[in-house]
Structures are given as C-alpha cells and as structure tokens.
Amino acid sequence: MSANVYPVPDDIAKGALIDKAKYDAMYKQSVEDPEGFWGEHGKRIDWIKPYKTVKNVSYDAKDLYIKWYEDGTLNVAANCLDRHLEKRGDQTAIIFEGDDPNVSEHITYRDLYERTCRFANALKSMGVAKGDRVVIYLPMIPEAAVAMLACARIGAIHSIVFGGFSPEALAGRVEDCGAKVVITSDEGLRGGRSVPLKRNADEALSHPGVKSVEKMVVVKHTGKDVAWNDARDVWYHEVCAAASTDCPPTEVNAEDPLFVLYTSGSTGKPKGVLHTSGGYLVYASMTHEYVFDYHEGDIYWCTADVGWVTGHSYIVYGPLANGATTLMFEGVPSYPDASRFWQVCEKHKVNIFYTAPTAIRALMREGESFVNKADLSSLRILGSVGEPINPEAWEWYYEHVGKKNCPIVDTWWQTETGGILITPLPGATDLKPGSATLPFFGVQPALLDNEGKELTGATDGNLVIKDSWPGQMRTVYGDHERFIQTYFSTFKNVYTTGDGARRDDDGYYWITGRVDDVINVSGHRMGTAEVESALVAHSKVAEAAVVGVPHDIKGQGIYAYVTLNAGEEPTDELRAELVKWVRKEIGPIASPDFIQWSPGLPKTRSGKIMRRILRKIAANEYDQLGDTSTLADPGVVDDLIDNRQNR
Ligand code: 6R9
C-alpha cells in the first residue's frame with residue numbers, strides 16, 4: 001500500500017460538480033432511499049412514457065430478478081442524438097483520430113444523427129427488427145458508433161466483437177447470439193499494419209455452426225479489394241446512400257435489451273453479458289458526468305476500444321447521452337512513436353483522458369522525453385481502468401502526464417456492472433495511489449470471508465455488492481441459469497464480483513485482483529498484484545506478473561515473470577537484488593521463489609495478463625495451456641516455456 005495521500009486540489013474542488021459534503025449527502029440518500037434517489041436521477045434521460053416503478057429486485061438465487069424503471073419506455077439513440085439537436089446540433093459529437101496521424105475528422109451531433117438514421121433505415125430494409133441481433137466487427141472508426149446507435153434506434157440488439165479477435169472467436173459469438181446481420185469493414189488499421197477484417201468475417205461465416213446470418217454490411221475503409229458474395233454482402237456506403245435520413249426512433253421498454261457483450265470467465269466459453277436500455281443509460285450517463293467531472297464543452301478521450309465494455313459505456317453511450325465531445329482513436333499508443341497519446345491530447349486539446357495501466361506502464365518504460373514533447377496543459381482529469389494500477393505507474397502518470405495538478409480517477413468496474421462502481425470523484429475524494437477509493441452513489445460494497453460472513457472494519461475479503469444499481473447486467477444471453485450460478489450462488493443475496501479487495505482504516509477499497517489470483521504462502525494470503533507492484537517499483541523493472549506455484553513446504557510459492565526496462569541486463573545479480581528488494585518492500589513472506597526474465601507477457605488483446613497461462617508454465621504444466629487463441633501475441637508463450645525456472 002502506498003503511503004502517499006493526495007488531497008483534492010483547491011481549484012478542482014471549487015469547480016467540481018460534487019464536493020466532499022455533497023458526496024456524503026448524496027451517497028447517504030442513495031443507500032437509505034434507493035427508490036427516491038434513482039427515481040429522481042432517472043429523469044436525467046428522456047422517457048417516452050415515464051416510469052412509475054423505480055426498482056424491482058430480488059437477489060434470491062431461487063427467485064432472481066433485476067428490473068429498473070420497468071414500466072417506462074424510451075429510445076437510447078434518441079437520448080444520445082435527437083434531444084441534443086436543438087441546442088448542440090453543430091457541436092462536435094465525435095472527433096475521429098485515425099491510425100495515420102494526418103487523418104482526423106469532426107462529426108457534429110446533426111451529422112451523427114443523420115448517419116445513424118440512414119443506417120437504421122438500411123438495417124430495417126434488410127429485415128432487421130426489434131429484438132434481432134446484429135454483430136459489429138469493426139475497427140475504431142465512426143461507423144462503429146453509428147452502427148451501435150442505429151441498432152439502438154430500431155430496438156435491435158448489438159453485439160460487438162473486438163476487431164482483434166480471430167475468425168474462430170467471431171464465429172462462436174455470431175453463433176451464440178444468432179445474429180441476422182454482421183457489420184465489418186474491408187480492413188482495419190493499427191500501428192500502420194492492416195487487419196483483414198472482411199476476410200476474417202468471411203471465414204467466420206463459413207463455419208458450419210453459423211447459420212443465422214443473412215447479410216454482411218461492409219464499410220470501405222482502406223479501399224483494399226475484398227472477396228464478395230453477391231447474395232449476402234452489401235457496401236455500407238451504398239445502402240446508406242439509398243436510405244432516408246428520416247427514421248423515427250422505436251419505443252422500447254426500459255428492460256428491453258440494448259446489447260450483448262461477450263466476456264471470458266474463469267471457466268467455460270465466453271458469456272454473453274446482457275444489458276438493458278433504461279437503467280443502463282441512466283447509470284452510464286450519470287457515472288460519466290460525475291466520475292470525470294464532465295463540464296459542458298470538455299473534450300473527453302477514452303482510449304479503450306468499442307469492443308470492450310469501457311468503449312460501450314464511456315466512448316459512446318455515457319458521453320453522447322450527456323452531449324459531450326468524445327474522441328475515437330483508431331491507432332495504438334506506440335505509433336508512429338511513444339508520444340502518440342500525448343500528441344493527440346495536444347492536437348485536440350483533450351481535457352479528460354481515460355486509459356489503462358498497461359498502456360501507462362508501456363509508455364513509462366520508454367521514458368519521459370516522449371511525454372515532454374507535447375503540450376499537455378489542456379488536461380484536467382486523468383482516469384485508469386482495467387486492472388489495479390501499481391503505485392509506481394500511478395505516480396508517474398500523476399507527475400509526468402498530469403504535471404501534479406490532475407486528479408487520477410482509478411475506476412473499478414466490470415463488463416457485468418455496466419458502469420463504474422468504485423471510484424474517486426475528482427472534487428470529493430482524496431487520492432491514494434493504487435486505491436479505487438470509495439463507492440459511487442447507490443453502490444454498497446462489502447467484504448465477505450470464504451464462508452460468506454460479512455467482515456467489518458479494515459480487512460480484506462471477497463468483494464461483493466449488497467444491492468442492485470441500474471446499470472447491472474440482467475442475464476447471460478441464452479443461459480439465465482449460468483447467470484445465477486456465476487454471480488448469485490457462491491454467496492447468498494449479494495452480487496459476487498469475483499474480485500478480492502482490502503478496505504483500509506479510511507474505508508478505501510484496494511482491489512487485489514481476481515480471487516483466483518490470490519495466493520496463499522505459508523498460510524498468509526497475498527495478492528499477486530501486491531508483489532507485482534513491489535517489483536515494478538524497482539527502477540530497472542518495466543512490468544511484472546506474479547503467480548502462485550505449488551510448493552512442498554509453503555503450500556504455494558511465488559513465481560515472478562519480470563520484463564526489464566529497455567537496456568537493462570538480465571543477470572543473476574539482478575535476480576538476487578530483486579528478491580532482496582521485494583523482501584524490503586513487503587517482507588520476507590513475499591520473496592519470490594523464482595524470477596523469470598520475460599521480454600513479453602501473454603496478454604489478451606485488451607491488455608490483460610493471462611495468468612492462467614503463466615500459472616501453467618510456472619507449474620511445469622505447459623502441455624496443458626488450454627485456449628491461447630485470445631492472446632495478442634501467441635509467440636511469447638514459446639519463449640516463456642523455453643526459459644522457465646521451475647524445471
Ligand atoms: C471495466 C473492465 C473486469 C475486471 C475486474 C477487475 C479488473 C477493472 C479495475 C480492475 C483494479 C481497477 N479491474 N478495473 N482492478 N482496479 N480500476 O475492465 O471490465 O474487462 O470485464 O474486467 O478487471 O479484476 O473484475 P472487464
């Protein structure tokens with residue numbers, strides 16, 4: 001745990017939407033009177049038929065239901081577009097920044113509205129109706145947002161598959177949700193290299209299990225020649241040109257599905273996480289406004305991909321519902337060089353910047369000179385999401401990117417939660433590097449022991465949420481039983497997050513990682529994140545991943561994979577030095593038993609380290625690695641096996 005505390009800066013507190021007193025009062029109301037609180041805040045979006053019932057929830061595994069605003073009706077796209085036209089039709093809704101630094105485009109709310117209406121009509125003409133599933137397999141281009149909003153406009157359910165996924169992964173998802181239409185592009189572009197999306201989609205649709213797809217819509221992006229199936233394929237620009245810009249929004253019920261998003265669990269095939277319309281939009285827009293202290297006119301940039309939940313809630317739905325200007329970036333942080341993020345911040349005068357710890361560590365490794373090249377004076381708020389941010393990376397982000405005057409909101413949440421649950425609010429929360437701090441309004445975290453007993457005070461335990469919030473997932477698509485089993489069976493009458501956390505004396509939460517990543521060394525519980533954080537705090541270490549390894553005496557030993565900073569020599573002396581260092585940082589109990597030099601770590605395409613693979617290699621069970629198809633670079637695995645330490 002880092003000892004540093006960063007109080008709310010005075011100028012931020014003064015201008016912020018929520019200060020300390022307001023946070024306390026609103027939080028109190030939100031948990032004492034959820035109906036009153038969410039009844040009031042539900043009005044932040046436009047309803048066609050206003051709701052009378054706010055909340056109707058039972059967490060009882062035998063009779064489970066989660067409903068918010070259940071008798072209200074609305075249209076999500078109309079909330080993101082139509083209602084802004086009068087006041088901000090000419091304001092930029094989306095800034096597109098291409099992979100190529102010379103390509104960018106401003107799209108106004110009116111333009112986005114018209115594009116969405118045209119494409120919605122085009123989808124209708126292909127027979128897509130309310131409740132039908134549409135798979136979106138696109139790069140980070142404005143058409144991805146248009147496609148999402150067009151589905152929402154006609155009540156169709158979108159399911160985005162990240163453009164980095166393989167044909168196999170795409171096929172599995174298309175089959176599971178029974179999509180009628182797949183939307184893709186000729187190619188994607190990332191870091192100057194093209195990705196054959198249309199070819200992948202063709203291959204996916206040729207899988208024998210995929211029988212539901214009637215049409216494939218193809219966006220011409222790079223202009224590359226692609227194979228064509230006349231009976232099935234249509235060009236996006238052609239169907240849009242033929243369609244009208246007049247498309248009345250379809251009225252949907254608050255509990256009608258908005259999207260399905262597949263996410264991997266600890267077991268089995270990916271789950272289709274289903275989110276509905278009303279509660280999700282209320283929660284995404286409200287968290288976007290308060291967590292990022294969003295003010296009218298701010299330029300907001302979330303670097304996620306729309307293929308992940310962060311892109312859904314915090315590139316598209318939250319910001320657009322709030323009438324914000326949201327930046328969509330097609331490229332990668334390292335292209336053309338490691339200053340790209342900062343160049344983009346300067347170019348578009350970004351005020352709010354939201355990214356992932358893995359990106360920060362990678363850029364930190366390249367040194368400050370890349371940050372210092374850019375004018376970052378427009379930045380006001382920084383954010384982090386996706387994994388625990390180690391204090392070392394936090395401090396670097398704070399000092400070199402934020403110049404010590406931008407609060408960092410470390411936002412903890414999950415695909416399942418729809419929006420941010422535990423987070424600082426810039427004007428209300430003193431920061432501690434590495435802590436996601438305090439719950440958002442309406443969120444009641446609790447820590448349970450393994451028997452399900454609630455723990456009080458400063459302690460660590462299984463992180464659960466005691467009551468529902470409007471953005472919560474409603475079911476696993478096509479498998480409600482799995483939903484109940486996964487989230488409501490381990491512990492009774494709570495939502496089980498699968499994460500562990502520690503609460504400190506100030507009531508701050510420190511996420512320690514997935515509970516299956518907790519290791520037990522001689523009867524002492526230790527979060528792998530804690531050891532990683534210690535290793536990364538060493539000046540020669542760029543990144544570290546720690547797993548438990550079977551140990552005859554201790555039960556579990558500690559196995560560390562370490563990536564050194566560019567130019568550092570991997571020597572036995574340095575190994576010994578790192579062991580000493582960790583003993584010093586945490587204590588002898590945390591001494592790594594093995595340190596393996598690893599030039600690369602196995603990561604998913606969203607940047608999460610796949611510890612399952614690291615555990616198998618450490619345990620010498622590298623013949624049982626399981627599915628490695630979701631790895632960004634499967635090649636790193638061979639190197640790790642060749643150089644394993646525990647032979
Ligand atoms: C939004 C997102 C969810 C898992 C979650 C946790 C980890 C996310 C975090 C964090 C510590 C944070 N996680 N944010 N851990 N601090 N600020 O990432 O969704 O892809 O479903 O991942 O990511 O372990 O359970 P998702």
Side-chain angles (χ1 to χ4, degrees), residues 1-2 160 162 164-165 259-266 270-275 283-284 287-288 291 302-315 317-318 354-361 382-391 393-394 397 408-424 429 431-440 443 445 460 462-465 471-473 476 486-487 495-502 508-518 527-530 532-533 545 603-612 630:
M1 249 193 252
S2 162
I160 306 192
F162 175 57
F165 274 128
F259 66 85
V260 171
L261 181 59
Y262 287 85
T263 187
S264 27
S266 40
K271 297 184 279 281
V273 169
L274 184 134
H275 282 286
Y283 199 76
T287 46
H288 172 260
V291 172
C302 165
T303 70
D305 190 285
V306 289
W308 312 116
V309 72
T310 307
H312 285 63
S313 302
Y314 299 114
I315 294 177
Y317 289 117
Y354 188 30
T355 194
T358 183
I360 296 168
R361 286 194 300 266
L382 303 175
S384 172
V385 60
E387 53 177 319
I389 178 163
N390 46 298
W394 195 103
Y397 194 24
I408 299 177
V409 288
D410 176 359
T411 62
W412 174 84
W413 59 297
Q414 309 175 301
T415 304
E416 294 88 336
T417 70
I420 295 164
L421 294 195
I422 302 183
T423 179
T429 319
L431 305 174
K432 301 185 190 184
S435 172
T437 77
L438 299 170
F440 189 74
V443 175
D460 60 5
N462 297 292
L463 178 64
V464 301
I465 312 293
Q472 181 168 29
M473 78 182 278
V476 170
T486 310
Y487 306 103
Y495 165 75
T496 299
T497 69
D499 276 340
R502 182 168 48 223
Y508 275 37
Y509 287 87
W510 301 71
I511 309 301
T512 46
R514 304 295 304 185
V515 280
D516 38 14
D517 288 333
V518 171
T528 50
E530 207 174 329
E532 288 165 9
S533 180
K603 288 186 184 170
T604 63
R605 291 181 174 90
S606 66
K608 288 198 168 58
I609 295 170
M610 289 187 79
R611 289 194 171 66
R612 173 172 60 79
T630 56

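Start at 1 and go down the list; that is how both ligands and their atoms are numbered. The basis for the numbers below is simple: all heavy atoms, side chains too, and nothing from hydrogens, waters or symmetry mates. If you read the sequence from its start, that first residue is 1, and numbering goes on from there.
- Under the side chain to side chain contact (heavy atoms under 4.5 Å, CB included) criterion, Leu438 pairs with Tyr23, Thr429, Tyr508, sequence neighbours left out.
- Considering every non-hydrogen atom in both His275 and Glu416, the closest pair reads CE1-O, 3.5 Å.
- Partners of Thr417 according to the side chain to side chain contact (heavy atoms under 4.5 Å, CB included) rule, which considers only residues two or more places apart in sequence or in another chain, are Trp413, Gln414, Leu421, Trp469, Tyr495.
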Test side chain to side chain donor-acceptor pair (under 3.5 Å) applied to Thr411 and Tyr354, step by step: CA-CA 10 Å; Thr411 62; Tyr354 188 30; 2.6 Å; yes
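- With sequence neighbours excluded, the residues satisfying side chain to side chain contact (heavy atoms under 4.5 Å, CB included) with Ala356 are Thr358.
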Go ahead and list the nitrogen or oxygen contacts between ligand 1 and the protein that come in under 3.5 Å, distances to 0.1 Å, or just say none.
from     : atom 1 : to     : atom 2 : distance (Å)
ligand 1 : 13 (N) : Gly386 : O      : 3.3
ligand 1 : 14 (N) : Gly386 : N      : 3.0
ligand 1 : 15 (N) : Pro388 : N      : 3.4
ligand 1 : 16 (N) : Glu387 : O      : 3.4
ligand 1 : 17 (N) : Asp410 : OD1    : 2.7
ligand 1 : 17 (N) : Thr411 : O      : 2.8
ligand 1 : 19 (O) : Thr415 : N      : 3.4
ligand 1 : 20 (O) : Lys608 : NZ     : 3.2
ligand 1 : 21 (O) : Thr415 : N      : 2.9
ligand 1 : 21 (O) : Thr415 : OG1    : 2.6
ligand 1 : 23 (O) : Gly386 : O      : 3.2
ligand 1 : 24 (O) : Asp499 : OD1    : 2.8
ligand 1 : 24 (O) : Asp499 : OD2    : 3.1
ligand 1 : 25 (O) : Gln414 : NE2    : 2.9
ligand 1 : 25 (O) : Asp499 : OD1    : 3.3
ligand 1 : 25 (O) : Asp499 : OD2    : 2.7
ligand 1 : 25 (O) : Arg514 : NH1    : 2.9

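- Screening Ile360, Ile408, Ile511 for a side chain to side chain contact (heavy atoms under 4.5 Å, CB included) with Ile389, the sole residue that qualifies is Ile360.
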